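The figures that follow rest on heavy atoms only: side chains count, while hydrogens, waters and symmetry mates do not. Predicted, not measured: the structure shown is a model, and the values here were computed from it. Chain letters run A, B, ... following the sequence lines, proteins first, then strands; residues in each count from 1.
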There are 2 protein chains.
Amino acid sequence: MIEKKEKYSVAVAGATGAVGRKMLQILEERNFPVGNLKLLASARSVGKDFMFQGKNVIVQELLQDSFSDVDIALFSAGAEISRKFAPAAVKSNCIVIDNSSAYRMNSDIPLIVPEVNPDALKGNPGIIANPNCSTIQMVVALKPIHDKFKIKRVVVSTYQSVSGSGQKAIDELKIQSQEQLNGESSTPNIYPHQIAFNCLPHIDNFLDSGYTKEEMKIVNETRKIMDDDSIQISPTTVRVPVFYSHSEALNVETEGPVTAIAVRELLVKQAGICVVDDPENNVYPLAIQGEDKNDVYVGRIRDDISRDRAVNFWVVSDNLRKGAALNAVQIAELLIGGGQPSQN
Amino acid sequence: MIEKKEKYSVAVAGATGAVGRKMLQILEERNFPVGNLKLLASARSVGKDFMFQGKNVIVQELLQDSFSDVDIALFSAGAEISRKFAPAAVKSNCIVIDNSSAYRMNSDIPLIVPEVNPDALKGNPGIIANPNCSTIQMVVALKPIHDKFKIKRVVVSTYQSVSGSGQKAIDELKIQSQEQLNGESSTPNIYPHQIAFNCLPHIDNFLDSGYTKEEMKIVNETRKIMDDDSIQISPTTVRVPVFYSHSEALNVETEGPVTAIAVRELLVKQAGICVVDDPENNVYPLAIQGEDKNDVYVGRIRDDISRDRAVNFWVVSDNLRKGAALNAVQIAELLIGGGQPSQN
């Protein structure tokens with residue numbers, strides 16, 4: 001994948017954002033063999049500093065020539081920045097792992113979830129795309145079911161946390177919640193409507209079809225990652241007043257005779273998944289428990305009572321970790337031939 | 001239905017609860033012809049007083065002989081109280097409209113949503129059951145679709161507000177939200193886990209099937225109200241940190257060639273429904289806008305991209321109004337032959 005070294009020169013582009021900071025934290029936690037670390041961001045963040053492995057690293061401006069001495073660059077600064085700077089990084093022989101949507105559906109670019117399609121990462125593709133948060137946790141749970149029972153159709157409703165919209169959205173939920181508790185009115189800023197004590201059936205822009213881009217990311221990215229365009233998906237993505245972790249209610253129809261018992265057996269064995277499923281004792285996955293954990297949590301696994309060959313379950317994962325930064329670092333681990341399971 | 005009078009003697013059993021208070025408010029708003037009003041509750045609420053049509057009404061203790069001079073009693077004090085006192089009320093020639101789950105699935109008892117199955121209310125059945133909140137708003141939206149396209153299967157994921165669990169749950173969400181904003185820890189009391197900034201895939205008790213009672217209420221009550229046991233429903237009910245109004249994501253499969261355009265045309269004409277569906281301008285139903293409104297709001301109506309003959313949409317309604325108190329008062333209006341549409 002990449003020339004074997006003892007240590008790698010790593011850059012994080014968008015280092016000051018919510019996902020960028022999480023990338024630093026995860027590189028450190030997982031002892032990624034970082035030699036030189038370059039933190040890159042826009043001009044207005046230059047001079048900020050972060051501790052990494054006991055050393056102070058100062059943020060530099062992201063420029064076209066930032067990557068000449070970099071082996072692996074993790075990008076998380078939005079699609080526009082990726083489009084502007086990733087090609088330059090690749091020209092400098094740097095491999096880019098891009099957390100934005102810029103290259104995900106490009107047929108030449110692998111879209112990787114290490115537990116699902118590690119083999120799609122072959123040779124040096126230049127850019128490797130990291131999927132959308134709501135897709136990643138879903139495909140981790142779906143893959144073993146698809147392998148065994150072949151998935152025909154998924155109906156998914158999401159309960160997505162505000163951290164997916166960045167630090168300003170986290171601040172907005174805090175501010176609006178306090179305003180509402182004080183009996184004051186709230187003015188939406190990041191979201192088109194008040195998010196505190198409300199649910200918004202609207203994530204990313206609407207398309208002519210009436211679906212949002214977020215919804216179509218789930219459809220298209222899942223098919224690409226699972227390498228199966230026959231999987232049919234009906235998504236509704238909803239922002240809820242939760243700070244961290246996305247929850248998803250999945251209804252999964254299969255060709256084969258799936259059962260809740262079989263799904264539980266499959267998922268219990270799966271790296272990166274933690275089955276949390278003892279409803280009688282009030283045990284099921286919860287957003288506040290998924291926060292800052294690496295696993296994808298699955299529970300409420302039950303046979304669909306509305307048809308044969310279908311199951312329902314509930315999936316929770318930290319959207320900033322497995323949904324973004326952790327998955328990107330796991331891709332980097334695959335690249336250097338040292339892939340580790342994502343377990344906590 | 002009931003002997004025609006100029007004014008009726010009305011009792012509210014459970015008058016001090018969140019739904020009971022809302023019943024008083026709605027009787028007043030809709031100028032229900034109330035002659036004498038009796039407010040009934042447990043011994044510990046006796047002596048509390050409420051204003052009704054400019055007069056002060058004092059709460060009395062709910063007893064077996066409370067109903068001798070009452071024409072219509074609205075019960076909202078839980079299934080146990082209904083089972084204990086509704087039969088006595090019926091013996092006193094009082095008609096009971098019961099908001100609890102006690103009698104809903106009893107084959108002798110009509111389960112009524114006035115926009116959906118008013119004709120199921122015939123003669124004097126003694127007790128008339130008011131459906132569960134999450135069922136009511138769903139069937140109001142489904143009925144016109146079922147009539148035209150015959151519904152085969154519904155996959156529903158709910159986003160239910162805490163007011164469905166009463167005033168103490170509203171207080172718990174407020175207290176926990178403030179604790180979390182202050183960086184303090186929260187101890188759950190009404191719910192088994194923290195509800196502030198979290199989603200609980202758990203409403204009412206779990207059954208052996210892995211489904212909750214709330215989920216099975218949606219399945220069984222919908223079939224009874226629609227008078228069609230062939231309708232298949234796959235439900236996931238989730239409590240979200242919202243104070244008022246339930247939201248629901250519905251996927252609806254039909255026998256006939258349903259389309260989003262046809263559904264929109266049907267629902268726009270329907271009494272009790274307000275179509276709020278202009279996503280390009282960020283217009284869709286929202287819990288905070290449904291609060292204290294009478295209508296069932298429907299939006300995000302779109303063709304299912306995963307299969308033919310299916311649509312997705314998003315339904316919001318005030319669970320204390322159309323989901324409980326308003327529907328009960330509308331049943332009372334049907335009884336006295338003065339049914340009004342539920343529009344605001």
Does Lys150(A) NZ have over 12 foreign heavy atoms under 6.0 Å away?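 Yes, because the 6.0 Å sphere around NZ of Lys150(A) holds more than 12 heavy atoms from other groups.
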Does atom CG of Asp171(B) have more than 12 heavy-atom neighbours, drawn from other residues, nucleotides or ligands, at distances under 6.0 Å?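 Yes, the 6.0 Å shell around CG holds more than 12 heavy atoms from other groups.
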Consider ring-ring contact (aromatic ring centres under 6.0 Å, His included). Of Tyr159(B), Tyr297(B), Tyr284(B), which one does Trp314(B) pass it with?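 Considering Tyr159(B), Tyr297(B), Tyr284(B), a ring-ring contact (aromatic ring centres under 6.0 Å, His included) with Trp314(B) is found only for Tyr159(B).
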Which region of [X], side chain (C-beta onward) or backbone (N, CA, C, O), has a non-hydrogen atom less than 4.5 Å from a non-hydrogen atom of chain B, or is it both or neither?
X         : answer
Gln180(A) : neither
Ile305(A) : both
Phe197(A) : both
Val316(A) : neither
Glu248(A) : neither
Thr212(A) : both

Considering only heavy atoms, which portion of [X] lies under 4.5 Å from any heavy atom of chain A: side chain, backbone, both, or neither?
X         : answer
Tyr211(B) : both
Thr158(B) : backbone
Leu200(B) : both
Asn251(B) : side chain
Asn198(B) : both

Output the distance between atom CD1 (Ile233(A)) and atom CE (Met216(A)), rounded to the nearest 0.5 Å.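 Interatomic distance, Ile233(A) CD1 to Met216(A) CE, rounded to 0.5 Å: 9.0 Å.
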Between Arg239(B) and Glu214(B) (salt bridge meaning N to carboxylate O under 4.0 Å), is one present in this structure?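 Salt bridge: no.
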Any salt bridge between Asp292(A) and Lys22(A), counting N to O under 4.0 Å?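 Looking at Lys22(A) together with Asp292(A), the answer is yes, because their closest N to O distance falls below 4.0 Å.
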Looking at chain A, which one of [options] has the largest number of heavy-atom pairs inside 4.5 Å, strictly under?
options                                    : value
Ser209(B), Ala260(B), Pro235(B)            : Pro235(B)
Val162(B), Ile231(B), Val154(B), Ile288(B) : Ile288(B)
Val155(B), Asp303(B), Leu286(B)            : Leu286(B)
Ala287(B), Ala249(B), Pro279(B)            : Pro279(B)
Pro192(B), Ser177(B), Pro201(B), Ser157(B) : Pro201(B)

Report the option among Glu280(A), His193(A), Lys174(A) that has the most heavy-atom pairs separated by less than 4.5 Å from atoms of chain B.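 Option with the top pair count is His193(A).
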Do you know which of Val219(A), Asn205(A), Asp208(A), Val238(A) has the most heavy-atom pairs with chain B at a distance under 4.5 angstrom?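 Heavy-atom pairs under 4.5 Å are most numerous for Val238(A).
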Would you say the side-chain atoms of [X] pair up with the backbone N or O of [Y], donor to acceptor, closer than 3.5 Å?
X         : Y         : result
Glu172(B) : Ile190(B) : yes
Gln270(B) : Pro144(B) : no
Ser306(A) : Gln232(B) : no
Gln176(A) : Ile195(A) : yes

From CA spacing to verdict: salt bridge (Lys or Arg N to Asp or Glu O under 4.0 Å), Glu253(B), Arg307(A): CA-CA 12 Å; Glu253(B) 300 171 24; Arg307(A) 53 165 287 153; 5.7 Å; no
